[in-house]
Enquirer: 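Take a look at this one; I'll ask things after.
All chains are named by letter (A, B, ...) in the order of the sequence lines, taking the proteins before the strands, and each is independently numbered beginning at 1. Since this is a predicted model, take the numbers as computed values, not measurements.
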Amino acid sequence: MPADTPPHRYDAAMAAAIESRWQAEWETRRIYEVHDAAGDPTRRSNKLFVMDMFPYPSGSGLHVGHPLGYIATDVYVRFRRMCGADVLYTMGFDAFGLPAEEHARQTGQHPRINTEANIANMRRQLDRLGLSHDKRRSVATTDVDYYRWTQWIFLQIFNSWFDPQARRARPVAELAAEFAAGERTRPDGRSWGTLSEAERREMIDGHRLAYVADSPVNWCPALGTVLANEEVTNEGRSERGNHEVFRRPLKQWMMRITAYGDRLLEDLDLLDWPESVKTMQRNWIGRSTGALITFDAVGRAAGIEVFTTRPDTLFGTTYMVLAPEHPLVDELLAEEWPVGVAEAWTGGAATPRQAVDAYRARAAAKSDIARSDSKTGVYIGRDATVPFAQTRVPVFVADYVLMGYGTGAVMGVPGEDQRDREFAEAYGLGVIRTVQPPDDHPCDQAYTGDGVSINSGFLDGLDVDASKALILERLAAAGCGRATVNYRLRDWNFSRQRYWGEPIPVVFDEHGPVALPEAMLPLELPELTDWAPRALARDSDPEPPLGRVSDWTEAVLDLGDGPRSYRRELNTMPQWAGSCWYYLRYLDPGNDKALVDPEVERYWMGDPEPGGVGGVDLYVGGVEHAVLHLLYARFWHKVLHDLGHVSGPEPFKRLINQGYIQAYAFKDSRGVYVPAEEVEGSLESGFEHRGERVARELGKMGKSLKNSVTPDDMYASYGADTLRLYEMFMGPIDQDRPWETRSVVGSQRVLQRVWRNLVDEETGELRVSDEAPDDDLLRLLHRTIDGVRSDMEGMRFNTAIAKLTELNNELTRHHTGAPREVAEVLVRMLAPLVPHFAEELWHRLHGYGAGSVTQADFPTADPALLVTDTVEVPVQVNGKLRGRVTIAADADEADAVAAALSEPNVAAHVNGRELRKQIYVPSRMITLVV
RNA sequence: GCGGACGUGGCGGAAUCAGGCAGACGCGCUGGGUUUAGGUCCCAGUACCCACCAGGGUGUGGGGGUUCGAAUCCCCCCGUCCGCACCA
């Protein structure tokens, strides 16, 4: 620090002092706490519920990219508070998860200790930013008082079924009652009264929204857990850690999210979300309409059911394909090859069994990428019959057909499907075109467009749509097919073989799962001495850590019919569970009677506009949650809505994805990253690290690229307000942008100039004058108020800051200190962006007994000062700018043109030629055409 | 391959919603001043080309179109980023 720095300059040290003083003051005066009860419903139009996606409390702490969204919501919330809004704003922690378990395994420390330490550290880093959260409302998903309600919601879902007629969830008790009353019958016609207890239980369990299924799962031995499909990469490896993943059948809890496919799709239209996120959700749900068609297998009773979106091409079927995992494969396999079978079809194997076994083994060893390279398969030695055409076609096993989509079986139509075409070429299968292609269509390509049906019996001459309609009618009449809707969306695998998650509040008796009664919640995690997840052998079976607690796995409980022994569920919930509903707990975090008081829920989640969709008014977070978190939360919310626990159909009305802050990273000649902070040089001169030339690239900020910049670094060099201002100034909130530490000083200079216009740097005395601002300054002030207000409303903080900077630059040019009236308004406009800085100046202006600037009104522009008597208007001649004239604001076109023509340069370009056209856009532009 | 977003100075970006002065604001850079340490602060300049100035020409990835007027609207192409990916 140079010795001659003025003693009262706004610098990092002064910022630190100001920031800690006002943070303590705000805390003492509890100014960010919002009322606990529901507000006055008649003033609901004034309510505002804003949230950031809550963070996982990572052990490595924050870098400057993390708080971008938090600062943005804080600025917005502070602005809206100053405009009179009733704001609910807080933040919690998504604290269950694998990293805490991994840390625990390394240190021997219970995950809770590490988790709580990380939360404390993160709170410290965030507090330093001056976010205006109501801290009393903060929750962590690991709090027993919190996960008690996560478990409660699980039971609500478990105790519900989806009624397809009503298109909503209903209690299973009602389903049982309908069976008992005979209003609903089993497919086999047996009445409820004749069923055994086991059969009744099975019947009901088969309808629940949360159910146990023995289904193939993604078993990852290295992580010691199964993973959701979403946690597995395209290459068939774990997203976390890139470990091998194997498909294994296992009893798993599933959530019947597919029942809500249509509503999740339809209600996207009600939401104010980025189009890209809606598109991703639509693709994920993957609704497609088509038909299920059953083909008879020659010589077997079993039929092969396929899903197709093109039932009109049925007559073009020349073969069939089953996915390698398809359960019918083993049943349909022929004992031996038919006479004269082609070598290519057998894979050189002696029997169909050997061919299929070898093919399956090869398919399992290949990555999905390799699988997609070429079409391969083997014949299973059996044929099927094409309905109506009555032709015999061979049945293959091929890995280009996926078990996870449709029925896992397809009809091969090489005439109208390019994938089928490629397979047919490879195995010498016939091609029958059933849609007439245009003349210029290449004859070696499938034709997927519209056209007239040919070679299709009763469909000939009809176009695609008419053919589809007629074939569906005939299939239904013949009993071998029907129209259907298929979804790419699968039911949600809800079990994890982990310790550090919510225990599932279910026990098992001899018939299956039994819900714990609500009174037994919370079901707390047992203490473990040996809780660490284990990396297991490749061929091992899934083993949940809770299975190692012998006095917990078996429980003697009285669930209504006396004490009995039950087996506990050993899996825990996935990390998504806690984040599915935390927004509801923010509303009423201390409630021990309900997850949220209904009146409080209605106040904060009800739509301010009558007929609106409701939900959180603004939700800000990263686009990485575009599908999973947001889809799961919407699903839970809809179930809770159906059951009457929440008032609206959607949790998040408006969503903004904040951009990523990227940072330059530097690689040496070996391709190893070097610490970015030690690199010197420039783009022109080249970059060097310890004398060695390094290459620059742009990437995600983080440890692996050695390019992290922490908020703590910025607090030390500039203070929190400068960091806030810089992050908001860098660009639009939803855009990625590169971090540049050397530019941060610009934002500090802006604050320093504001400070200097109000405070004498030598004496610390106030520099404001009591003289009224001159007319130009006053008009600029009100234009600024007007612009800043609308920029803040639209969350365009970068341009709001630019306008404030312009105003301040104008004050700087006066050299005399700011007129009090201007200073006072400027400080209020700065308050949402740089709250500590503004609070300090506010108190210097108004004396230390003044109330917080946080609670002051945001300035309002005087409309009279937004209009001017005269305006400077540019003049175009033949589309080119030739001069400017100053004319009366209310001048008519004739006056404007006359003024324009009197401008020498304009006159020179008109050069006496005849005016062919003249246009005056009031106050904007004069255009002359000659 | 399919879908989405986006291309503006040396850099981040503004103007795009509603066609009307392209480059606000900041970084960087150049020059000057104050101090004197090359730090800080203040002032001026900074898209490119020509010109002493006045001014002129060119310019928003490329090409075309609509219009008195296009960064903005429409069509084609090129490029970058993101998502999905044999979805039958």
Enquirer: Heavy atoms under 4.0 Å, any strand shown: does A:Asp736 hit a base, just sugar-phosphate, or nothing?
Expert: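 Sugar-phosphate contact only.
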
Enquirer: Rounding to an integer number of Å, can you tell me how far A:Asn283 CG sits from B:rG4 P?
Expert: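 Distance, rounded to whole Å: 9 Å.
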
Enquirer: Rounded to the nearest Å, what distance is computed from the CH2 atom of residue A:Trp284 to the P atom of nucleotide B:rG83?
Expert: 12 Å

Enquirer: Under 6.0 Å from the six-membered ring centre of A:Trp273 and within 45° of its axis: does the NZ or CZ of A:Arg654 meet both?
Expert: no

Enquirer: Is any side-chain heavy atom of A:His8 closer than 4.5 Å to a side-chain heavy atom of A:Asp760?
Expert: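 Not touching, per the 4.5 Å side-chain cut-off.
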
Enquirer: Sticking with atom P, work out how far B:rU60 lies from B:rA22, rounded to a whole angstrom.
Expert: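 Their P atoms lie roughly 12 Å apart.
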
Enquirer: Would you say the side-chain atoms of A:Ser288 and A:Thr309 include a donor-acceptor pair closer than 3.5 Å?
Expert: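 Their side chains do not contain a donor-acceptor pair, so the 3.5 Å distance test is not met.
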
Enquirer: Look only at the side chain of A:Asp420 and the backbone of A:Pro414, and say whether a donor-acceptor pair between them is shorter than 3.5 Å.
Expert: no

Enquirer: Say you pick atom P in B:rG9 and the same atom in B:rG59; how far apart are they, in whole Å?
Expert: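 Result for the P pair: 14 Å, nearest Å.
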
Enquirer: Considering all heavy atoms of both residues, which atom of A:Val306 and which atom of A:Thr407 are nearest to each other, and what is their separation?
Expert: CA-OG1, 3.4 Å

Enquirer: Counting only heavy atoms not in A:Arg282 (residues, nucleotides, ligands), do more than 12 fall under 6.0 Å from its CZ?
Expert: yes

Enquirer: Could you tell me how far apart A:Asp417 (CG) and B:rG1 (C1') are, to the nearest whole angstrom?
Expert: 13 Å

Enquirer: Among B:rA88, B:rA14, B:rG13, which nucleotide has an atom closest to any side-chain atom of A:Thr799?
Expert: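 For A:Thr799, the side-chain atoms sit closest to B:rA14.
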
Enquirer: Can you tell me how far P in B:rC43 sits from the matching atom in B:rC48, rounded to whole Å?
Expert: 23 Å

Enquirer: Scan residues 407-415 of chain A against RNA chain B and write down, sorted by residue number, each residue with any heavy atom closer than 4.0 Å; if none is found, say none.
Expert: A:Val410

Enquirer: Taking only N and O in the side chain of A:Gln752, is any of them less than 4.0 Å away from OP1 or OP2 of B:rC41?
Expert: yes

Enquirer: To the nearest angstrom, how far is A:Lys468 atom NZ from B:rA88 atom C1'?
Expert: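 A:Lys468 atom NZ is separated from B:rA88 atom C1' by 12 Å.
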
Enquirer: Could you give the distance separating B:rC74 and B:rG19 at their C1' atoms, to the nearest angstrom?
Expert: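 Rounded to whole Å, the distance is 13 Å.
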
Enquirer: Between A:Asp892 and A:Tyr920, do the side chains contain an N or O donor and an N or O acceptor separated by less than 3.5 Å?
Expert: no

Enquirer: A:Leu489 CG to B:rC84 C1': how many Å, rounded?
Expert: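 After rounding, the gap between these two atoms is 15 Å.
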
Enquirer: Thinking salt bridges, do A:Glu806 and A:Lys803 make one under a 4.0 Å N-O criterion?
Expert: no

Enquirer: Distance check needed: B:rC81 C1' versus A:Arg737 CZ, whole Å only.
Expert: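 Atom-to-atom, A:Arg737 to B:rC81, this comes out as 16 Å.
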
Enquirer: Report yes or no: is the cationic atom of A:Lys375 (NZ for Lys, CZ for Arg) under 6.0 Å from the centre of the six-membered ring of A:Phe423, at an angle within 45° of the ring normal?
Expert: no

Enquirer: Closer to the 5' end of RNA chain B via nearest nucleotide, is it A:Tyr664 or A:Glu275?
Expert: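 Closest to the 5' end, via its nearest nucleotide, is A:Glu275.
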
Enquirer: Between A:Tyr447 and A:His441, how do the two ring planes meet: parallel, tilted or perpendicular, split at 30° and 60°?
Expert: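 Rings of A:Tyr447 and A:His441: perpendicular, as their planes differ by over 60°.
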
Enquirer: If I pick the P atom on B:rG12 and the same atom on B:rG28, what distance separates them, to the nearest angstrom?
Expert: 15 Å

Enquirer: Whole-Å distance between B:rG3 P and A:Lys278 NZ?
Expert: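 Answer to the nearest Å: 19 Å.
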
Enquirer: In whole Å, what is the span from the CE atom of A:Met730 to the C1' atom of B:rA14?
Expert: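 After rounding, the reported distance stands at 16 Å.
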
Enquirer: So A:Arg924, base contact, sugar-phosphate only, or nothing? Heavy-atom distance under 4.0 Å.
Expert: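 Since only primed, P, OP1 and OP2 atoms lie under 4.0 Å of A:Arg924, the category is sugar-phosphate.
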
Enquirer: Do A:Arg789 and A:Glu793 sit within salt-bridge range, that is, some charged N less than 4.0 Å from a carboxylate O?
Expert: no

Enquirer: On a whole-Å scale, what distance lies between the C1' atoms belonging to B:rA71 and B:rG61?
Expert: 12 Å

Enquirer: Tell me the partner of B:rA85, counting only Watson-Crick (N1-N3 plus N6-O4 or O6-N4) or G-U wobble (N1-O2 and O6-N3) with both under 3.5 Å; none if nothing fits.
Expert: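 The answer is none; no pair meets the criterion.
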
Enquirer: Using Watson-Crick or G-U wobble geometry with both distances below 3.5 Å, tell me the partner of B:rG69, or none.
Expert: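 Because no pair has both required distances under 3.5 Å, B:rG69 counts as unpaired.
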
Enquirer: Roughly how many Å apart are B:rC2 and B:rG69, using the P atom of each and rounding to a whole number?
Expert: 37 Å

Enquirer: With a 3.5 angstrom cut-off on both distances, give the Watson-Crick or G-U wobble partner of B:rG26, or none if there isn't one.
Expert: B:rC11

Enquirer: Report the residue (A:Thr309 or A:Met280) whose heavy-atom-nearest nucleotide on RNA chain B is the more 5′ of the two.
Expert: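 Nearer the 5' end of the strand: A:Met280.
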
Enquirer: Give A:Pro274 one of three labels, base, sugar-phosphate or nothing, depending on what nucleic acid heavy atoms sit under 4.0 Å from its own.
Expert: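 Here A:Pro274 touches no strand at all.
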
Enquirer: Which pairs, protein N/O on one side and nucleotides 53-59 of chain B N/O on the other, fall under 3.5 Å?
Expert:
{"from": "B:rG56", "atom 1": "OP1", "to": "A:Arg882", "atom 2": "NH1", "distance (Å)": "3.1"}
{"from": "B:rG56", "atom 1": "OP1", "to": "A:Asn905", "atom 2": "ND2", "distance (Å)": "3.3"}
{"from": "B:rG56", "atom 1": "OP1", "to": "A:His909", "atom 2": "NE2", "distance (Å)": "3.3"}
{"from": "B:rG57", "atom 1": "OP1", "to": "A:Arg882", "atom 2": "NH2", "distance (Å)": "3.2"}
{"from": "B:rG57", "atom 1": "OP2", "to": "A:Arg882", "atom 2": "NH1", "distance (Å)": "3.0"}

Enquirer: Could you measure between the two P atoms, the one in B:rG83 and the one in B:rC41, and give it in whole Å?
Expert: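 So the two P atoms sit 41 Å from each other.
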
Enquirer: Return yes when atom NZ of A:Lys278 has more than 12 non-hydrogen atoms of other residues, nucleotides or ligands closer than 6.0 Å, and no otherwise.
Expert: yes

Enquirer: For A:Tyr487, enumerate each residue passing the side-chain hydrogen bond (donor to acceptor under 3.5 Å, both in side chains) test, keeping only those at least two apart in sequence or located in another chain.
Expert: A:Asp262

Enquirer: Is the closest basic N to carboxylate O distance between A:Arg9 and A:Asp11 below 4.0 Å?
Expert: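 Judged by the 4.0 Å cut-off on N to carboxylate O distance, A:Arg9 and A:Asp11 do not form a salt bridge.
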
Enquirer: Using purine N1 to pyrimidine N3 plus N6-O4 or O6-N4 for Watson-Crick, or N1-O2 and O6-N3 for G-U wobble, each under 3.5 Å, what pairs with B:rA47?
Expert: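 Per the H-bond distance test, B:rU58.
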
Enquirer: Hey, is B:rG64 sitting syn or anti, using the within-90° cutoff around 0?
Expert: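 It is anti.
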
Enquirer: Identify all pairs in which a protein N or O lies below 3.5 Å from an N or O of nucleotides 67-70 of chain B, and state each distance.
Expert:
{"from": "B:rC68", "atom 1": "OP1", "to": "A:Lys917", "atom 2": "NZ", "distance (Å)": "3.2"}

Enquirer: Going by atom type alone, with no hydrogens or angles, which donor-acceptor pairs under 3.5 Å involve a side-chain atom of residues 658-665 of chain A and a protein atom two or more places apart or on another chain?
Expert:
{"from": "A:Gln658", "atom 1": "OE1", "to": "A:Gly621", "atom 2": "N", "distance (Å)": "3.4"}
{"from": "A:Gln658", "atom 1": "OE1", "to": "A:Gly622", "atom 2": "N", "distance (Å)": "3.3"}
{"from": "A:Tyr660", "atom 1": "OH", "to": "A:Glu624", "atom 2": "OE1", "distance (Å)": "2.5"}

Enquirer: Side chains of A:Thr448 and A:Asp417 only: does a donor on one sit below 3.5 Å from an acceptor on the other?
Expert: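 Looking only at side-chain atoms, A:Asp417 and A:Thr448 do not form any donor-acceptor pair under 3.5 Å.
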
Enquirer: Applying the Watson-Crick and G-U wobble criteria at under 3.5 Å, what pairs with B:rA5? Answer none if nothing qualifies.
Expert: B:rU80

Enquirer: For A:Asn905 and A:Arg882, indicate whether the former's side chain and the latter's backbone hold a donor-acceptor pair under 3.5 Å.
Expert: yes

Enquirer: Output a table of nitrogen or oxygen pairs between the protein and nucleotides 25-30 of chain B separated by less than 3.5 Å.
Expert:
{"from": "B:rG26", "atom 1": "OP1", "to": "A:Arg753", "atom 2": "NH2", "distance (Å)": "3.3"}
{"from": "B:rG26", "atom 1": "OP1", "to": "A:Asn809", "atom 2": "ND2", "distance (Å)": "3.1"}
{"from": "B:rC27", "atom 1": "OP1", "to": "A:Arg749", "atom 2": "NH1", "distance (Å)": "2.6"}
{"from": "B:rC27", "atom 1": "O2'", "to": "A:Ser743", "atom 2": "OG", "distance (Å)": "2.9"}
{"from": "B:rG28", "atom 1": "OP2", "to": "A:Arg749", "atom 2": "NH1", "distance (Å)": "3.4"}

